[in-house]
Amino acid sequence: MTEVFKGSFTQQEPIPEEGIEAALAVMRSGRLHRYNTAGDEVSEVALLEQEFAARMGVPYALAVASGGYAMATALRAVGVKPGDKVLSNAFTLAPVPGAIASLGAVPVHVEVTEALTLDLDDLAAKADQARVLLLSHMRGHICDMDRLMEICEGAGVTVVEDCAHTMGAKWRGQWSGTHGHVGCFSTQTYKHMNSGEGGFLITRDAEAMARAVVLSGSYMLYERHLAAPGPEVFERVKYDTPNISGRMDNLRAAILRPQLARLEAQCAAWTARYAVVEEGLRGTPGLQVIERPPQESHVGSSIQFLAPDWPAARIEALVARCAARGVELKWFGAPEPVGFTSRYDSWRYAPVAPLPRTDRVLAGLLDMRLPLTFSLDDCATLARIIRAEAGALFQARE
Ligand SMILES: *Cc1c(COP(=O)(O)O)cnc(C)c1O
(Lines give C-alpha, C1' and ligand atoms only; values in the text may rest on other atoms or scores of the structure.)
Protein backbone atom coordinates (compact mmCIF):
# COMPACT_ATOMS: atom_id res chain seq x y z
CA MET A 1 0.00 0.00 0.00
CA THR A 2 1.32 3.46 -0.89
CA GLU A 3 1.48 5.75 2.12
CA VAL A 4 -0.19 9.16 1.67
CA PHE A 5 0.34 12.03 4.13
CA LYS A 6 -2.81 13.88 5.21
CA GLY A 7 -1.47 16.79 7.32
CA SER A 8 -1.65 20.48 6.32
CA PHE A 9 1.68 22.24 5.84
CA THR A 10 0.12 25.62 6.55
CA GLN A 11 -1.77 24.72 9.74
CA GLN A 12 -0.26 26.23 12.88
CA GLU A 13 -1.38 25.54 16.44
CA PRO A 14 -4.20 27.55 18.03
CA ILE A 15 -3.36 30.63 20.12
CA PRO A 16 -2.91 29.62 23.81
CA GLU A 17 -6.12 30.06 25.86
CA GLU A 18 -4.41 32.66 28.07
CA GLY A 19 -3.66 34.70 24.96
CA ILE A 20 -7.28 34.47 23.83
CA GLU A 21 -8.45 35.61 27.30
CA ALA A 22 -5.99 38.51 27.30
CA ALA A 23 -7.07 39.51 23.78
CA LEU A 24 -10.74 39.51 24.89
CA ALA A 25 -9.84 41.76 27.81
CA VAL A 26 -8.12 44.22 25.46
CA MET A 27 -11.16 44.22 23.16
CA ARG A 28 -13.53 44.73 26.08
CA SER A 29 -11.45 47.71 27.22
CA GLY A 30 -11.57 49.29 23.77
CA ARG A 31 -7.98 50.48 24.31
CA LEU A 32 -6.25 48.75 21.39
CA HIS A 33 -3.77 51.51 20.53
CA ARG A 34 -0.50 51.06 22.42
CA TYR A 35 -0.52 54.63 23.75
CA ASN A 36 -4.21 54.54 24.77
CA THR A 37 -3.71 53.82 28.47
CA ALA A 38 -6.01 54.67 31.39
CA GLY A 39 -4.35 56.34 34.39
CA ASP A 40 -1.03 54.67 35.14
CA GLU A 41 -1.92 51.50 33.22
CA VAL A 42 0.98 49.94 31.31
CA SER A 43 0.05 48.75 27.83
CA GLU A 44 0.31 45.13 26.65
CA VAL A 45 2.78 46.28 23.97
CA ALA A 46 5.09 47.95 26.50
CA LEU A 47 5.01 44.82 28.69
CA LEU A 48 5.70 42.56 25.71
CA GLU A 49 8.71 44.70 24.74
CA GLN A 50 10.04 44.57 28.28
CA GLU A 51 9.65 40.78 28.37
CA PHE A 52 11.23 40.30 24.95
CA ALA A 53 14.23 42.50 25.83
CA ALA A 54 14.70 40.59 29.09
CA ARG A 55 14.52 37.26 27.27
CA MET A 56 17.13 38.37 24.73
CA GLY A 57 19.34 39.96 27.37
CA VAL A 58 19.37 43.40 25.75
CA PRO A 59 18.24 46.75 27.16
CA TYR A 60 16.00 47.81 24.27
CA ALA A 61 13.16 46.24 22.27
CA LEU A 62 10.46 47.70 20.04
CA ALA A 63 7.37 45.81 18.84
CA VAL A 64 6.19 46.77 15.35
CA ALA A 65 3.71 45.91 12.61
CA SER A 66 5.79 43.32 10.71
CA GLY A 67 9.23 41.78 10.29
CA GLY A 68 9.67 43.70 7.06
CA TYR A 69 8.88 46.95 8.87
CA ALA A 70 11.39 46.04 11.62
CA MET A 71 14.15 45.60 8.99
CA ALA A 72 13.38 48.83 7.12
CA THR A 73 13.24 50.72 10.43
CA ALA A 74 16.53 49.19 11.58
CA LEU A 75 18.18 50.26 8.31
CA ARG A 76 16.86 53.82 8.74
CA ALA A 77 17.90 53.86 12.40
CA VAL A 78 21.51 52.97 11.52
CA GLY A 79 21.59 55.73 8.90
CA VAL A 80 21.01 54.06 5.53
CA LYS A 81 20.04 56.72 2.97
CA PRO A 82 18.45 56.58 -0.49
CA GLY A 83 20.98 55.38 -3.05
CA ASP A 84 23.20 53.64 -0.47
CA LYS A 85 24.21 50.07 -1.18
CA VAL A 86 23.31 47.43 1.41
CA LEU A 87 24.92 43.98 1.40
CA SER A 88 22.50 41.08 1.81
CA ASN A 89 22.01 37.37 1.12
CA ALA A 90 21.29 36.19 -2.41
CA PHE A 91 19.39 33.31 -0.78
CA THR A 92 16.57 34.80 1.28
CA LEU A 93 12.94 35.81 0.83
CA ALA A 94 11.40 38.87 -0.78
CA PRO A 95 10.83 40.98 2.41
CA VAL A 96 14.62 41.28 2.86
CA PRO A 97 15.59 42.98 -0.44
CA GLY A 98 12.18 44.65 -0.19
CA ALA A 99 13.13 46.33 3.10
CA ILE A 100 16.29 47.69 1.45
CA ALA A 101 14.37 48.87 -1.62
CA SER A 102 11.71 50.55 0.57
CA LEU A 103 14.37 53.13 1.59
CA GLY A 104 15.45 53.71 -1.98
CA ALA A 105 18.66 51.85 -1.13
CA VAL A 106 20.20 49.19 -3.38
CA PRO A 107 20.73 45.51 -2.43
CA VAL A 108 24.14 43.98 -3.21
CA HIS A 109 23.72 40.19 -3.20
CA VAL A 110 26.28 38.01 -1.44
CA GLU A 111 26.62 34.34 -2.43
CA VAL A 112 25.34 31.40 -0.38
CA THR A 113 27.26 28.19 0.46
CA GLU A 114 26.08 24.57 0.40
CA ALA A 115 25.48 24.95 4.15
CA LEU A 116 22.83 27.55 3.10
CA THR A 117 24.66 30.32 4.93
CA LEU A 118 26.24 33.53 3.69
CA ASP A 119 29.48 32.88 1.77
CA LEU A 120 31.96 34.71 4.02
CA ASP A 121 34.71 34.81 1.37
CA ASP A 122 32.33 36.56 -0.99
CA LEU A 123 31.28 38.86 1.88
CA ALA A 124 34.93 39.75 2.57
CA ALA A 125 35.43 40.48 -1.14
CA LYS A 126 32.37 42.77 -1.29
CA ALA A 127 32.64 44.40 2.16
CA ASP A 128 34.13 47.62 0.74
CA GLN A 129 30.99 48.23 -1.34
CA ALA A 130 28.62 49.11 1.53
CA ARG A 131 28.49 50.36 5.12
CA VAL A 132 25.66 48.03 6.18
CA LEU A 133 24.94 44.29 5.91
CA LEU A 134 21.36 43.05 6.25
CA LEU A 135 22.18 39.46 7.21
CA SER A 136 19.33 36.99 6.75
CA HIS A 137 19.51 33.78 8.79
CA MET A 138 17.46 32.24 6.04
CA ARG A 139 15.54 29.09 7.01
CA GLY A 140 17.33 29.16 10.35
CA HIS A 141 20.85 28.47 9.05
CA ILE A 142 23.38 30.57 10.99
CA CYS A 143 26.78 31.29 9.44
CA ASP A 144 30.01 31.45 11.46
CA MET A 145 29.02 34.56 13.41
CA ASP A 146 32.49 34.94 14.93
CA ARG A 147 34.13 35.20 11.52
CA LEU A 148 31.28 37.29 10.12
CA MET A 149 31.58 39.88 12.91
CA GLU A 150 35.37 39.95 12.47
CA ILE A 151 35.00 40.66 8.74
CA CYS A 152 32.35 43.33 9.30
CA GLU A 153 34.13 45.02 12.20
CA GLY A 154 37.36 45.05 10.18
CA ALA A 155 35.62 46.68 7.21
CA GLY A 156 33.46 49.10 9.23
CA VAL A 157 30.24 47.37 8.17
CA THR A 158 27.23 47.63 10.54
CA VAL A 159 25.30 44.35 10.86
CA VAL A 160 21.50 44.22 10.97
CA GLU A 161 20.22 40.66 11.50
CA ASP A 162 17.05 39.24 9.97
CA CYS A 163 16.01 36.64 12.54
CA ALA A 164 12.61 35.79 11.04
CA HIS A 165 13.67 32.11 11.12
CA THR A 166 15.99 32.16 14.15
CA MET A 167 13.82 33.48 16.96
CA GLY A 168 14.91 31.24 19.85
CA ALA A 169 18.08 30.00 18.10
CA LYS A 170 21.65 30.56 19.31
CA TRP A 171 25.23 30.72 18.02
CA ARG A 172 27.75 29.52 20.62
CA GLY A 173 25.16 29.95 23.34
CA GLN A 174 24.30 33.55 22.39
CA TRP A 175 20.82 34.43 21.09
CA SER A 176 20.53 35.00 17.37
CA GLY A 177 19.80 38.70 16.91
CA THR A 178 22.30 39.87 19.53
CA HIS A 179 25.58 39.49 17.60
CA GLY A 180 25.01 42.38 15.21
CA HIS A 181 24.00 45.97 15.90
CA VAL A 182 20.24 45.43 15.52
CA GLY A 183 18.21 42.19 15.47
CA CYS A 184 14.87 41.99 13.62
CA PHE A 185 12.14 39.39 14.16
CA SER A 186 8.76 38.55 12.68
CA THR A 187 5.64 37.30 14.47
CA GLN A 188 3.76 36.66 11.26
CA THR A 189 1.71 33.42 11.31
CA TYR A 190 4.41 31.17 9.81
CA LYS A 191 7.18 32.21 12.21
CA HIS A 192 7.99 31.09 15.77
CA MET A 193 5.34 33.20 17.46
CA ASN A 194 2.03 33.95 15.77
CA SER A 195 0.11 37.23 15.91
CA GLY A 196 -0.98 37.16 12.29
CA GLU A 197 1.33 40.08 11.52
CA GLY A 198 3.98 41.66 13.72
CA GLY A 199 7.66 42.00 14.48
CA PHE A 200 10.38 43.17 16.85
CA LEU A 201 13.60 45.10 16.68
CA ILE A 202 16.23 44.79 19.44
CA THR A 203 19.52 46.61 20.05
CA ARG A 204 21.95 47.79 22.71
CA ASP A 205 22.39 51.15 20.92
CA ALA A 206 20.32 53.77 22.79
CA GLU A 207 20.30 56.31 19.96
CA ALA A 208 19.35 53.75 17.30
CA MET A 209 16.47 52.60 19.53
CA ALA A 210 15.29 56.16 20.16
CA ARG A 211 15.24 56.73 16.39
CA ALA A 212 13.38 53.45 15.82
CA VAL A 213 10.74 54.36 18.42
CA VAL A 214 10.16 57.78 16.84
CA LEU A 215 10.16 56.26 13.33
CA SER A 216 7.55 53.67 14.39
CA GLY A 217 5.11 56.46 15.27
CA SER A 218 5.48 57.30 18.97
CA TYR A 219 3.71 60.69 18.77
CA MET A 220 6.31 61.81 21.33
CA LEU A 221 4.80 59.43 23.89
CA TYR A 222 8.09 57.54 24.19
CA GLU A 223 8.09 57.83 27.97
CA ARG A 224 5.42 55.10 28.01
CA HIS A 225 7.98 52.54 26.77
CA LEU A 226 9.63 50.19 29.26
CA ALA A 227 12.40 48.89 26.99
CA ALA A 228 13.59 52.18 25.47
CA PRO A 229 16.30 54.69 26.52
CA GLY A 230 15.62 57.73 28.70
CA PRO A 231 14.09 61.03 27.46
CA GLU A 232 17.52 62.70 27.11
CA VAL A 233 18.32 60.37 24.20
CA PHE A 234 14.99 61.15 22.50
CA GLU A 235 15.73 64.87 22.89
CA ARG A 236 18.73 64.39 20.59
CA VAL A 237 16.81 62.65 17.77
CA LYS A 238 13.18 63.70 17.94
CA TYR A 239 13.28 66.76 15.67
CA ASP A 240 15.00 65.12 12.72
CA THR A 241 13.44 61.65 12.77
CA PRO A 242 10.26 61.27 10.70
CA ASN A 243 7.17 59.36 11.84
CA ILE A 244 6.62 56.34 9.57
CA SER A 245 3.82 54.62 11.48
CA GLY A 246 4.22 50.88 12.00
CA ARG A 247 3.33 50.30 15.64
CA MET A 248 2.15 47.05 17.15
CA ASP A 249 -1.26 47.15 18.87
CA ASN A 250 -2.34 45.77 22.26
CA LEU A 251 -4.43 42.99 20.75
CA ARG A 252 -1.41 41.39 19.07
CA ALA A 253 0.79 41.96 22.08
CA ALA A 254 -1.79 40.22 24.30
CA ILE A 255 -1.71 37.18 21.99
CA LEU A 256 2.11 37.14 21.94
CA ARG A 257 2.94 37.42 25.66
CA PRO A 258 1.93 33.84 26.58
CA GLN A 259 3.65 32.58 23.43
CA LEU A 260 6.89 34.25 24.48
CA ALA A 261 6.63 32.55 27.87
CA ARG A 262 6.66 29.13 26.19
CA LEU A 263 8.98 29.93 23.27
CA GLU A 264 11.77 27.64 24.42
CA ALA A 265 9.51 24.60 24.70
CA GLN A 266 8.07 25.33 21.26
CA CYS A 267 11.54 25.59 19.74
CA ALA A 268 12.51 22.25 21.28
CA ALA A 269 9.37 20.68 19.80
CA TRP A 270 10.29 21.99 16.33
CA THR A 271 13.82 20.77 16.58
CA ALA A 272 12.66 17.27 17.65
CA ARG A 273 10.51 17.12 14.49
CA TYR A 274 13.42 18.31 12.37
CA ALA A 275 15.67 15.61 13.82
CA VAL A 276 13.21 12.88 12.83
CA VAL A 277 12.99 14.08 9.22
CA GLU A 278 16.76 14.66 9.04
CA GLU A 279 17.51 11.12 10.27
CA GLY A 280 14.94 9.68 7.85
CA LEU A 281 16.50 11.48 4.89
CA ARG A 282 20.15 10.92 5.77
CA GLY A 283 21.83 8.54 3.32
CA THR A 284 19.08 8.71 0.68
CA PRO A 285 20.86 8.04 -2.64
CA GLY A 286 21.21 11.29 -4.60
CA LEU A 287 20.15 13.56 -1.72
CA GLN A 288 22.31 15.56 0.68
CA VAL A 289 21.15 16.70 4.12
CA ILE A 290 22.53 20.01 5.40
CA GLU A 291 25.12 19.32 8.11
CA ARG A 292 24.76 21.77 10.99
CA PRO A 293 27.79 23.19 12.81
CA PRO A 294 28.14 22.31 16.53
CA GLN A 295 28.15 26.03 17.52
CA GLU A 296 24.60 26.40 16.21
CA SER A 297 21.47 25.69 18.32
CA HIS A 298 18.89 25.89 15.58
CA VAL A 299 15.08 25.89 15.59
CA GLY A 300 13.82 23.31 13.10
CA SER A 301 10.59 24.94 11.94
CA SER A 302 11.42 23.90 8.36
CA ILE A 303 13.92 21.57 6.72
CA GLN A 304 16.03 21.89 3.58
CA PHE A 305 17.99 19.32 1.62
CA LEU A 306 19.93 19.28 -1.63
CA ALA A 307 19.53 17.19 -4.76
CA PRO A 308 22.92 18.31 -6.08
CA ASP A 309 23.25 18.50 -9.85
CA TRP A 310 19.90 16.81 -10.52
CA PRO A 311 18.44 17.90 -13.86
CA ALA A 312 15.43 20.22 -13.47
CA ALA A 313 13.03 17.63 -14.92
CA ARG A 314 13.95 15.09 -12.26
CA ILE A 315 13.49 17.60 -9.46
CA GLU A 316 10.13 18.62 -10.90
CA ALA A 317 9.19 14.91 -10.96
CA LEU A 318 10.22 14.55 -7.32
CA VAL A 319 8.11 17.57 -6.29
CA ALA A 320 5.12 16.22 -8.26
CA ARG A 321 5.42 12.65 -6.93
CA CYS A 322 5.75 13.86 -3.34
CA ALA A 323 2.76 16.22 -3.85
CA ALA A 324 0.69 13.28 -5.11
CA ARG A 325 1.43 11.61 -1.76
CA GLY A 326 0.52 14.71 0.26
CA VAL A 327 4.08 16.00 0.82
CA GLU A 328 4.61 19.67 -0.07
CA LEU A 329 8.15 20.40 -1.19
CA LYS A 330 9.20 23.84 -2.41
CA TRP A 331 11.96 24.05 -5.01
CA PHE A 332 14.20 27.13 -5.03
CA GLY A 333 15.44 26.35 -8.54
CA ALA A 334 12.09 27.09 -10.21
CA PRO A 335 12.40 29.92 -12.75
CA GLU A 336 9.22 31.72 -11.55
CA PRO A 337 8.54 32.89 -7.97
CA VAL A 338 5.73 30.75 -6.46
CA GLY A 339 4.09 31.27 -3.06
CA PHE A 340 6.77 32.08 -0.49
CA THR A 341 9.60 30.87 -2.74
CA SER A 342 11.44 33.49 -4.74
CA ARG A 343 14.97 33.86 -6.06
CA TYR A 344 17.31 36.82 -6.24
CA ASP A 345 16.86 37.11 -10.01
CA SER A 346 13.11 37.66 -9.52
CA TRP A 347 13.82 40.91 -7.62
CA ARG A 348 14.33 42.89 -10.80
CA TYR A 349 14.46 46.24 -9.00
CA ALA A 350 17.91 45.21 -7.73
CA PRO A 351 20.96 44.92 -9.99
CA VAL A 352 21.89 41.29 -10.65
CA ALA A 353 25.53 40.23 -11.00
CA PRO A 354 26.45 36.60 -11.76
CA LEU A 355 26.29 34.37 -8.67
CA PRO A 356 27.42 30.94 -9.90
CA ARG A 357 27.75 29.35 -6.48
CA THR A 358 24.27 30.44 -5.43
CA ASP A 359 22.80 29.31 -8.75
CA ARG A 360 24.19 25.82 -8.26
CA VAL A 361 22.88 25.58 -4.67
CA LEU A 362 19.41 26.94 -5.53
CA ALA A 363 19.11 24.62 -8.55
CA GLY A 364 19.12 21.61 -6.22
CA LEU A 365 17.50 23.10 -3.11
CA LEU A 366 14.30 21.63 -1.68
CA ASP A 367 12.44 23.03 1.29
CA MET A 368 9.65 21.74 3.53
CA ARG A 369 7.74 23.36 6.39
CA LEU A 370 7.32 21.51 9.69
CA PRO A 371 4.39 23.06 11.58
CA LEU A 372 3.95 21.96 15.19
CA THR A 373 0.60 20.41 14.28
CA PHE A 374 2.69 17.52 12.81
CA SER A 375 3.51 14.70 15.24
CA LEU A 376 6.88 12.94 15.38
CA ASP A 377 5.20 9.99 13.61
CA ASP A 378 4.03 12.36 10.88
CA CYS A 379 7.62 13.50 10.47
CA ALA A 380 8.82 9.90 10.07
CA THR A 381 6.12 9.40 7.40
CA LEU A 382 7.26 12.53 5.52
CA ALA A 383 10.85 11.30 5.44
CA ARG A 384 9.80 7.79 4.29
CA ILE A 385 7.79 9.22 1.39
CA ILE A 386 10.55 11.57 0.22
CA ARG A 387 13.16 8.84 0.57
CA ALA A 388 11.09 6.35 -1.45
CA GLU A 389 10.27 8.80 -4.26
CA ALA A 390 13.78 10.29 -4.46
CA GLY A 391 15.35 6.84 -4.33
CA ALA A 392 13.13 5.56 -7.17
CA LEU A 393 13.87 8.60 -9.37
CA PHE A 394 17.58 8.49 -8.66
CA GLN A 395 17.84 4.77 -9.44
CA ALA A 396 15.91 5.24 -12.73
CA ARG A 397 18.17 8.14 -13.85
CA GLU A 398 19.38 8.47 -17.48
C1 LIG B 1 8.82 36.27 6.95
C2 LIG B 1 10.16 36.79 6.73
C3 LIG B 1 10.51 38.08 7.10
C4 LIG B 1 9.56 39.08 7.70
O5 LIG B 1 8.36 39.04 7.10
P6 LIG B 1 7.02 39.83 7.49
O7 LIG B 1 6.00 39.07 6.71
O8 LIG B 1 7.24 41.22 7.02
O9 LIG B 1 6.82 39.76 8.98
C10 LIG B 1 11.82 38.45 6.93
N11 LIG B 1 12.74 37.62 6.42
C12 LIG B 1 12.43 36.37 6.04
C13 LIG B 1 13.52 35.49 5.52
C14 LIG B 1 11.14 35.91 6.17
O15 LIG B 1 10.83 34.67 5.80
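We count ligands from 1, going down the list as the structure has it; atoms in each ligand are counted the same way.
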query = Do you reckon L87 sits in the same ILVMFWY cluster as V80, going by side-chain contacts under 4.5 Å, direct or chained?
reply = no
Mutual orientation of the aromatic rings belonging to [X] and [Y] [parallel < 30°, tilted 30-60°, perpendicular > 60°]:
X: H225; Y: Y35; answer: tilted
X: H298; Y: Y274; answer: perpendicular
X: F91; Y: F332; answer: perpendicular

Any non-hydrogen side-chain atom of [X] less than 4.5 Å from a side-chain atom of [Y]?
X: D119; Y: R357; answer: yes
X: W175; Y: C163; answer: no
X: N250; Y: R34; answer: yes

Should [X] be counted as touching ligand 1, given the test is an N or O pair under 3.5 Å?
X: S186; answer: yes
X: G67; answer: yes
X: K191; answer: yes
X: T92; answer: no

Starting from [atom], find the nearest protein heavy-atom neighbour and note its residue, name and distance.
atom: atom 8 (O) of ligand 1; result: G68 N, 2.7 Å
atom: atom 15 (O) of ligand 1; result: H165 NE2, 2.7 Å
atom: atom 11 (N) of ligand 1; result: D162 OD2, 2.8 Å
atom: atom 7 (O) of ligand 1; result: Q188 NE2, 3.0 Å

query = Should M71 be listed as contacting ligand 1, given a heavy-atom distance under 4.0 Å as the test?
reply = yes
Residues L120, L123; criterion side chain to side chain contact (heavy atoms under 4.5 Å, CB included); working and verdict = CA-CA 5 Å; L120 297 182; L123 175 68; 4.1 Å; yes
ask   = Side chain or backbone of T187 under 4.0 Å from ligand 1, or both, or neither, by non-hydrogen atoms?
value = neither
Which of the numbered atoms in ligand 1 are below 4.0 angstrom from a heavy atom of [X]?
X: V96; value: 11 (N)
X: L93; value: 15 (O)
X: A164; value: 2 (C), 3 (C), 10 (C), 11 (N), 12 (C), 14 (C)

ask   = Would you say the side chains of E13 and T373 form a donor-acceptor pair under 3.5 Å?
value = no
